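The block underneath contains the structure these notes are about, expressed in structure tokens.
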Amino acid sequence: MDYLKGLNEAQFEAVTTLQGPLMVLAGAGSGKTRVLTMRIAHLITNGVDPFNILALTFTNKAAKEMKERIAKVVGDSDARSLWMGTFHSVFARILRSEAHYLGFSSNFTIYDAQDALNVMKKVIKDLSIDAEVYKPKKVLARISQYKNNLITVNAYFNNPELLEADERANMKMIGEIYRKYVDMCFRNGAMDFDDLLLKTNELLTRFPEVLAKYQDRFRYILVDEYQDTNHSQYLIVKALASKFENICVVGDDAQSIYSFRGANIYNILNFKKDYPDAMTVSLEQNYRSTQNIVDAANVVISKNLQQFKKNVFSENEVGEKIKVYRSLSDADEANFVSANIFELHNTQQRKFSDFAILYRTNSQTRAFEDALRKKNIPYRVYGGLSFYQRKEVKDLLAYLRILVNENDSEALSRIINYPARGIGETTQNKLIVFADSQNVPVTQVLDNLGFYAPQLGLNNGIITKLGDFWAMIKAFQVMLKTENVYDVAMEVAKRSGLIRFLKEDQTPEGISRVENIQELLNSMQGFIEEQIQVEGGDPSLSNFMENIALSADTQSNKDDDTDKVSLMTIHLSKGLEFPVVHLVGLEENLFPSFMSSSTREELEEERRLFYVALTRAEKQAFFTYAVSRFQWGKITDSEPSRFLSEVDSKYIEFINPMMEARFVNNSGVNSNIFDERPSEPRFFKKKDEKKTLERNFNTPPAKKLKPIATAKIINPSGSSSEDIEVGDRVRHDRFGVGEVTFLDGTDPQNIKAKVIFANEGEKNLILKFAKLTKI
DNA sequence: AAAAACATAATTTTT
DNA sequence: TTATGTTTTT
């Protein structure tokens, strides 16, 4: 029992108490994952069949990591037969095998957010409802709430309070929309994310024999991140656990950051009420971070009213203070961070993979990508536009979806005329209207085109095109029976004309689209190999589709475990740790987000988010904020985040020297420090990133522009230059040859030139970026 | 029916 | 700024 060594008292108790309900309150960095994995290992060594263990996590990443760690202790084969995964993936799997109970086919499609949005748009259009009042996204969010609280369409209409509330909100059509949306999903043979949980609940409540089956199978249940479960998930767990009550939930109320999607913090706060005999173990020692970091995080989180009392502490070194950097712009902020990473990499022998840049919103990534690229620092962006959300990838996937589930009209409308094959909107509408009038699925019309053709009111040319298209799909389907996923997908990509169409576009974006298709095909091959190796693996197309529908964190699996800086949102960083963390964009209205600053509850969640971010750091943490940043196409001034002022000043240290002096004089943060806001447009503030970190940023504001006669061409790296003056003939990479007619600006870094090009006409260029060469 | 031109809305976080 | 949607042109 090697694995039990080195656990502290609380951890030992959490690992070895196998019977009965158990709640583990695990502070940040207290070895939660370790406890969970050891506990599972302990269950198995004590004779529990892995097949009877269900472990639920929140992200695929967490599931994967835990599985690997368990495999190290108990061996591959036992680890594999565990039921471990996200709520969504585990229950999707169960729903597939029990789908017939609910009138679904086992090959139902899983709709991601984008698919759901498309369906919703269609619903609103079909009902001739004003999409300005009923914004599809908003309506979808509302329906999502209902689903997560198990309010079905019928329940909705039977609930006067809800009806009234929606009526008051000027949303009285919500019910109708809800009904139609659910209906459309059903007819498409599709479930959205919320359905996976809702339908599981339905399955377990309506069919006692199914409930009994899974209760008996899952004799030991473990739930990670319990504070982030929503009502729907809570009920599933409760139902499954009610027979044996061997349920272990692990969580930290201070890290609850998903209430926006229905997470209910009371699930963890009320665990004791559900299971009066429950044992509680608190893990309070943080092994991850320095004392300074832990203490600073504690101070901030203590501002929240709603929480368990906990005493998280660290016995590690005190460590360095948190460094705060005030920047002038988003670009400046990014340059600081990349310069800082560069320096620490060189002076402290830190690997690039030791660094994380954490931000509140995905849109903040761009500046950092630019800055890191400039310094040739390798990085990887997590989340954001995931690979599988790219248009070209979704297009090819839509073809494959149709092969698995013909009724998926969402996929059908995506590809029926893409690449263009002369089946336009009018034709498609006629098809749909006709199918509806006959009360049959569109696919049935296509299946029997010869029979229906006379009634369709389409000319023979179009009928032939439709027939060809559908014959092609049918041929793919036949092929799928004998050939493997990769070969079929390759054939689809070729025969559909998708690749040919994409190859016509020789712009860099076009080329990368082709590469993405290639990448998707490669990942299929990888998938097949993986599934074949595993005993009981399933290399089918539907299994592949399910895997990608439920994983947002998939890039492409190649460039793994290399030495790269990690860029991600704070939400994504949960559960991870990094020696050095840069927490950026600490500004009011950005973090805390302007969308979440109105109520105390919302603000407390933002604060927990801050807590999560800071406690990712092991050794060093840096905070940065910008005095103004470029967003919505405009420069917006911003004030430092309130969270900055909530960190006790004894834990932090300003990097900008002037700031430090002022900060010490003023322990509050609303001092004049933050008042000096630049009033000049952005390009006056661009600066040379070669200067040292300590430079002071009170660059003299650029005054009124005066025309000037000569200027230097400065390339973006700030080096080599060449004199240029009005009248010179110059060459531009894209615009070709032209003549300089006007020069503008005083700051040598920001000269603008007016150039008349032979082919392109007059352009205003900023010399720094334009890369002109004199000829 | 397809492409191009034009207009306008949007950026919170994820399974 | 970008992404998306709508209208106009070919």
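Not measured: the values here are computed from a predicted model. In what follows, every chain begins at residue 1, and chains take the letters A, B, ... in the order their sequences are listed.
- For the pair A:Glu425 CD and B:dA3 P, the computed distance is 14 Å after rounding to whole Å.
- Residue contacts shown for A:Lys574 are absent, as no nucleic acid heavy atom lies under 4.0 Å away.
- Where A:Tyr258 and A:Ile462 meet DNA chain B, the nucleotide closest to each residue was compared, and A:Ile462 sits on the side nearer the 5' end.
- As judged by a 4.0 angstrom heavy-atom cut-off over every strand, A:Asp194 is placed among residues making no nucleic acid contact.
- To the nearest angstrom, P of B:dT13 lies 20 Å from CD of A:Gln255.
- One atom, CZ of A:Phe193, and another, P of B:dT13, lie 15 Å apart when rounded to the nearest Å.
- Between A:Phe104 and A:Phe186, the distance separating the two ring centers is shorter than 6.0 angstrom.
- A side-chain donor-acceptor contact under 3.5 Å links A:Glu410 and A:Asn118.
- Side chain to side chain, A:Asp408 and A:Tyr111 meet the donor-acceptor criterion of an N or O pair below 3.5 Å.
- The footprint of chain A on DNA chain C, defined by a heavy-atom cutoff below 4.0 Å, extends from C:dT1 to C:dG5.
- Among the protein residues, A:Phe591 comes within range of no part of the nucleic acid, since none of its heavy atoms lies under 4.0 Å from any strand.
- For A:Phe91 and A:Tyr214, the distance between ring centers is not under 6.0 angstrom.
- Between A:Asp115 and the options A:Lys121, A:Arg401, A:Arg414, a salt bridge (charged side-chain N to carboxylate O under 4.0 Å, His left out) holds for only A:Arg401.
- Closest to the A:Asn417 side chain, of the nucleotides B:dA1, B:dA2, B:dT12, is B:dA2.
- Here A:Phe260 lies parallel enough and close enough to stack on the base of B:dT13, with planes under 30° and ring centres under 5.5 Å apart.
- Checking the phosphate oxygens (OP1, OP2) of B:dT13, a side-chain nitrogen or oxygen of A:Asn362 falls inside 4.0 Å.
- Put simply, CD on A:Glu588 is 16 Å from P on B:dT12, counting in whole angstrom units.
- Closest non-hydrogen pair, A:Thr569 versus A:Thr361, comes out as CG2-C, 4.4 Å.
- Backbone-only contact: A:Phe58 has heavy atoms under 4.0 Å from sugar-phosphate atoms and none from a base.
- Contact between A:Thr365 and A:Tyr359 at its shortest, heavy atoms only, is CG2-OH, 2.7 Å.
- Residue contacts for A:Ser363: at a heavy-atom cut-off of 4.0 Å it reaches a base atom on one of the strands shown.
- Residues of residues 593-613 of chain A having a heavy atom closer than 4.0 Å to DNA chain B, listed by number: A:Phe594, A:Met595, A:Ser596.
- Here B:dT11 presents its P atom at 16 Å from NE2 of A:His571, a figure rounded to the nearest Å.
- A cation-pi contact, defined as under 6.0 Å to the ring centre and within 45° of the axis, is absent between A:Lys199 and A:Phe108.
- Summarising the geometry, the separation between CZ on A:Arg360 and C1' on B:dT11 is reported as 11 Å, rounded to the nearest angstrom.
- In the interface, the side chain of A:Thr361 is not paired with the base of B:dT12 through any donor and acceptor atom under 3.5 Å apart.
- Summarising the geometry of A:Glu225 relative to A:Lys32, their closest heavy-atom pair is OE2-NZ, 3.1 Å, with the distance given to 0.1 Å.
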Which string of ( ) [ ] | and . matches DNA chain B, if you list each base 5' to 3' and count Watson-Crick or G-U pairs only when both distances are under 3.5 Å? ||||||||||.....

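- Contact detail for A:Val223 and A:Thr229: the closest heavy-atom pair is CG1-CG2, 4.3 Å.
- Taking atom OH of residue A:Tyr418 and atom P of nucleotide B:dA2, one finds them 13 Å apart after rounding to whole Å.
- With hydrogens and angles left out, the side-chain atoms of A:Asp224 and A:Thr57 include no donor and acceptor closer than 3.5 Å.
- When heavy atoms are screened at a 4.0 angstrom cut-off, A:Lys391 is found touching no nucleic acid atom at all.
- Looking at A:Asn107 and A:Ser542, their side chains never bring a donor and an acceptor atom within 3.5 Å of each other.
- DNA chain B is contacted by both A:Gly422 and A:Lys135; A:Gly422 maps to the nucleotide lying nearer its 5′ end (nearest heavy atom per residue).
- A 6.0 Å sphere centred on CZ of A:Arg373 holds more than 12 heavy atoms belonging to other residues, nucleotides or ligands.
- Using a 4.0 Å heavy-atom distance criterion, A:Asp112 is classed as making no nucleic acid contact.
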